[in-house]
Amino acid sequence: MSIRLYDTATRSVRDFVPIRPGKVSLYLCGATVQAAPHIGHIRSGVNFDILSRWLAYRGFEVTFVRNVTDIDDKVLSKAAEQGVEFWRLAQANERAFTAAYDGLGCRPPTIEPRATGHIPEMVELMQDLIYRGHAYAAGGDVYFDVRSFPGYGALSNQRVADMWSADDADPKNAKRDPQDFTLWKGAKSGEPYWNTPWGPGRPGWHLECSAMARKYLGERFDIHGGGIDLIFPHHENEIAQSKARGDAFAQYWMHNAWVTMANEKMSKSLGNSVLVADMMRRYRPIVLRYYLGTPHYRSMIEYSEAALEEAAVAFSRIEQFLTRAFELVGATEPAVAVPDEFAACLDDDLAVPGAVAVLHQSVRAGNTALAAGDKEGAKARLGDVRAMLGVLGMDPLAEPWSAAADRDAANLREVVDNLVVVALEQRQAARARKDYAAADEIRSRLAAIGIVVEDTPGGPRWTLG
RNA sequence: GGUGGCGUGGCCGAGAGGCGAGGCAACGGCCUGCAAAGCCGUGUACGCGGGUUCAAAUCCCGCCGCCACCUCCA
């Protein structure tokens with residue numbers, strides 16, 4: 001059974017055939033660190049984290065590159081607005097992105113290269129492009145000559161002639177054609193710069209990805225990912241830069257859909273962002289991951305509090321099964337393999353929604369086994385459920401979530417447990433003498449402080465509500 | 001003007017010619033002192049109008065509504 005992926009370049013689902021057997025090279029356009037991450041950014045991180053986990057589960061050795069663009073027009077203008085050095089702003093935002101990725105359980109990529117760390121590679125690329133007649137220097141800038149590259153527009157299925165020309169094109173600049181894009185920008189006064197054969201300047205927006213993808217993954221690599229809004233111009237331009245130099249570049253292009261707010265795309269420029277940091281204070285991060293990771297990566301998510309609350313309930317159903325199953329059958333490791341049906345879904349263009357349906361069916365089967373006192377059946381389902389959650393990065397009993405319960409918290413929980421047991425013993429005594437008013441009073445007082453008491457055949461159990 | 005996407009039950013959200021993914025909510029039942037949780041059951045949904053077909057949410061044609069990209073964007 002092979003993995004199939006939707007490839008934007010061909011607008012079709014294709015069998016995934018890696019360049020090197022057993023290995024996958026994956027490049028994801030990460031953050032332009034001009035501002036703190038909103039939940040749309042982190043959705044991309046979660047989607048591709050699940051992809052890389054699934055590839056790893058299928059036995060591939062994944063080299064995962066996710067870049068950080070730490071210099072561009074926006075970074076410079078925001079830094080100038082705030083009156084700080086660009087690197088101060090970039091670094092602060094990069095830390096915020098890292099906290100968001102870590103917080104939502106995204107495993108770190110193999111490498112996170114920064115644009116400013118790869119200036120020599122960019123200069124070399126530009127020299128090569130100029131030598132080959134695909135780029136030209138003019139007025140301190142370096143431009144890519146779009147007309148010199150016949151494949152331009154193939155990814156986004158546009159013909160150059162049909163495009164609107166850039167109405168923000170600077171009349172002063174020296175472009176030969178309005179569609180030409182800037183590889184390198186001559187530094188204006190006060191801007192940071194690097195010396196080059198064309199004078200002092202700094203990178204445009206697209207060049208860094210071509211340079212860094214080649215450096216870490218080679219002239220040809222398997223998958224290039226990013227948000228759907230990067231198809232044009234960013235990825236189109238990357239293709240132009242890299243292929244014009246002679247690289248084969250990416251074999252598959254994967255794009256995640258965005259998160260919308262009131263039916264509009266969430267974006268920094270529209271100012272309708274929901275910041276990850278704020279959300280993590282209001283919802284448990286594992287629930288946010290479930291919410292952002294469960295819909296198909298190519299479907300847009302219309303953000304709503306109600307849907308997020310619902311995700312929290314759905315996820316806690318899974319967690320409660322884990323808790324009760326552990327109580328009955330004891331600690332159980334994840335199964336070695338996920339159920340076939342689950343695997344078939346993820347093989348089919350990462351169909352997480354279908355896979356989650358299988359997960360819920362296993363939870364139900366597990367609950368049925370628990371209700372019947374079928375320990376063997378419950379243990380088997382518990383192993384399956386943990387294996388599936390593991391692939392999705394949502395197993396509360398595995399890293400990084402299990403580490404969240406640190407030792408202080410565990411000690412405190414033990415103390416609270418002992419206190420609650422005292423109250424529950426009194427309640428059991430009241431129930432034994434059929435004084436239900438007293439028993440219910442104890443239960444409701446505990447409920448008032450957030451402790452939910454449930455009676456089970458094995459005695460009362462409590463959880464934080 | 002060019003390019004791409006979306007419209008599914010009360011809600012979220014999959015699917016892509018035939019058997020109603022899954023979750024949330026609701027209702028009935030089992031269990032319970034009562035609850036909670038859990039389990040069992042209950043639904044005749046696919047924007048509108050045509051067409052193809054034995055069979056259409058799915059394919060074709062035409063509409064309607066919404067969104068995005070066309071050099072800032074995950």
Side-chain angles (χ1 to χ4, degrees), chain A residues 8 11 28-32 34-35 37-45 47-48 72-74 77 146 153 156-169 178-182 204-206 225-234 236-237 255-260 263-270 291 294-296 298-302 304 306-315 317-318 320-321 323-324 341 345 351-361 363-364 366-368 370-372 431 434-436 439-440 443-444 447 452-457 460-461 463 465:
Chain A
T8 305
R11 279 161 204 80
L28 174 64
C29 283
T32 298
Q34 51 151 312
H38 60 59
I39 59 177
H41 296 119
I42 210 67
R43 178 200 188 172
S44 179
N47 287 157
F48 283 94
D72 85 323
D73 289 353
K74 278 286 168 81
S77 67
V146 166
S156 56
N157 196 27
Q158 298 182 102
R159 287 177 309 176
V160 175
D162 291 336
M163 292 181 206
W164 276 345
S165 56
D167 53 339
D168 65 336
Q179 306 297 351
D180 289 353
F181 60 90
T182 314
W205 174 35
H206 316 291
I228 201 167
D229 44 0
L230 296 184
I231 294 172
F232 192 92
H234 188 55
E236 196 75 72
N237 291 354
H255 293 97
N256 64 277
W258 44 63
V259 179
T260 60
N263 226 20
E264 269 190 329
K265 177 181 153 190
M266 183 175 291
S267 82
K268 294 169 223 183
S269 43
L270 289 172
Y291 176 66
T294 299
H296 193 268
R298 287 193 283 118
S299 295
M300 136 190 135
I301 297 177
E302 168 68 19
S304 85
L308 194 38
E309 297 282 357
E310 197 180 278
V313 174
F315 189 73
R317 174 180 160 81
I318 297 167
Q320 285 171 29
F321 165 67
T323 305
R324 281 180 284 107
E341 211 186 330
C345 289
V352 176
V356 170
V358 176
L359 171 65
H360 277 287
Q361 283 166 352
V363 168
R364 169 173 294 151
N367 279 328
T368 302
L370 286 177
R431 292 180 72 202
K434 301 213 188 308
D435 183 356
Y436 295 119
D440 290 352
R443 183 170 65 192
S444 63
V452 177
V453 176
E454 298 167 67
D455 295 315
T456 76
R461 52 190 294 271
T463 47

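Here is the naming used below: chain letters follow the sequence lines, and residue numbers restart at 1 for every chain. Only a predicted model underlies this, so the values are computations on that prediction, with no experimental measurement involved.
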For atom [atom1], what is the distance between [N] and [M], given to the nearest Å?
N	M	atom1	value
C40(B)	G50(B)	P	42 Å
G10(B)	C69(B)	C1'	35 Å
C59(B)	G18(B)	C1'	14 Å
G47(B)	A57(B)	P	10 Å
U53(B)	C72(B)	C1'	50 Å
C66(B)	G23(B)	C1'	26 Å
C61(B)	C67(B)	C1'	24 Å
A56(B)	C48(B)	C1'	16 Å

Taking C-beta and beyond as the side chain, do [X] and [Y] meet within less than 4.5 Å on heavy atoms?
X	Y	answer
H255(A)	D229(A)	no
H41(A)	H38(A)	yes
N47(A)	R43(A)	yes
R324(A)	T456(A)	no
R11(A)	N157(A)	yes
I228(A)	M300(A)	no
R317(A)	N367(A)	yes

Side-chain N,O ([X]) to OP1/OP2 ([N]) below 4.0 Å:
X	N	result
R317(A)	G38(B)	yes
T32(A)	C72(B)	no
K265(A)	A74(B)	no
R364(A)	C40(B)	yes

Would you indicate which nucleotide in [options] comes nearest to any side-chain atom of [X]?
X	options	result
V259(A)	G33(B), C72(B), A74(B)	A74(B)
P353(A)	C69(B), A14(B), G33(B)	A14(B)
A314(A)	C34(B), G38(B), G23(B)	G23(B)
Q361(A)	G22(B), G2(B), G13(B)	G22(B)
N237(A)	A14(B), U71(B), U3(B)	U71(B)
M266(A)	A68(B), A74(B), G15(B)	A74(B)
V313(A)	A25(B), C34(B), C39(B)	A25(B)
Q179(A)	G15(B), G4(B), U71(B)	U71(B)
F232(A)	G33(B), C24(B), C69(B)	C69(B)

Describe the nucleic acid contact of [X] in one word from base, sugar-phosphate, nothing, applying a heavy-atom distance below 4.0 Å.
X	value
I231(A)	nothing
G226(A)	sugar-phosphate
R324(A)	sugar-phosphate
H38(A)	base
G153(A)	nothing
D180(A)	nothing
V358(A)	nothing
E454(A)	base

Quiz item: Should the pair H206(A) and F181(A) be assigned to parallel (<30°), tilted (30 to 60°) or perpendicular (>60°) ring geometry?
Solution: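 If you compare the ring of H206(A) with that of F181(A), the planes turn out perpendicular.
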
Could you give the [atom1]-to-[atom2] distance, from [X] to [N], as a whole number of Å?
X	N	atom1	atom2	value
D435(A)	C34(B)	CG	P	16 Å
M300(A)	G7(B)	CE	C1'	10 Å
E341(A)	G15(B)	CD	P	15 Å
N367(A)	C30(B)	CG	P	20 Å
D440(A)	U32(B)	CG	P	17 Å
N157(A)	A68(B)	CG	P	21 Å
H360(A)	G23(B)	NE2	C1'	5 Å
L370(A)	C31(B)	CG	P	19 Å

Quiz item: Mapping S299(A) and R461(A) onto RNA chain B by nearest heavy atom, which one lands closer to the 5' end?
Solution: S299(A)

Quiz item: Which comes earlier along RNA chain B counting from the 5' end, the contact point of V452(A) or that of A357(A), where each point is its nearest nucleotide?
Solution: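 The 5'-side residue here is A357(A).
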
Self-check item: Under-3.5 Å donor-acceptor pair between R159(A) side chain and G2(B) base
Solution: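 Not at all, since no donor on one side and acceptor on the other fall under 3.5 Å apart.
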
Exercise. Classify the side chain of R443(A) versus the base of A36(B) as yes if they form a donor-acceptor pair under 3.5 Å and no if they do not.
Key: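 Flag unset: no donor-acceptor pair detected.
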
Quiz item: Is there a donor-acceptor pair under 3.5 Å between the side chain of Q158(A) and the backbone N or O of G153(A)?
Solution: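 It does not hold such a pair.
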
Self-check item: Expected output: side-chain S77(A) to main-chain K74(A) donor-acceptor under 3.5 Å
Solution: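 A pair under 3.5 Å: yes.
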
Exercise. Extract the stems that RNA chain B is part of, considering only consecutive pairing runs of at least three Watson-Crick or G-U wobble pairs, both distances under 3.5 Å.
Key: B:1-7 with B:64-70, B:10-12 with B:22-24, B:26-30 with B:38-42, B:47-51 with B:59-63

Quiz item: Under 6.0 Å from the CD atom of E341(A), do we count more than 12 heavy atoms belonging to anything else shown?
Solution: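 At most 12 heavy atoms, drawn from other residues, nucleotides or ligands, come within 6.0 Å of this atom.
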
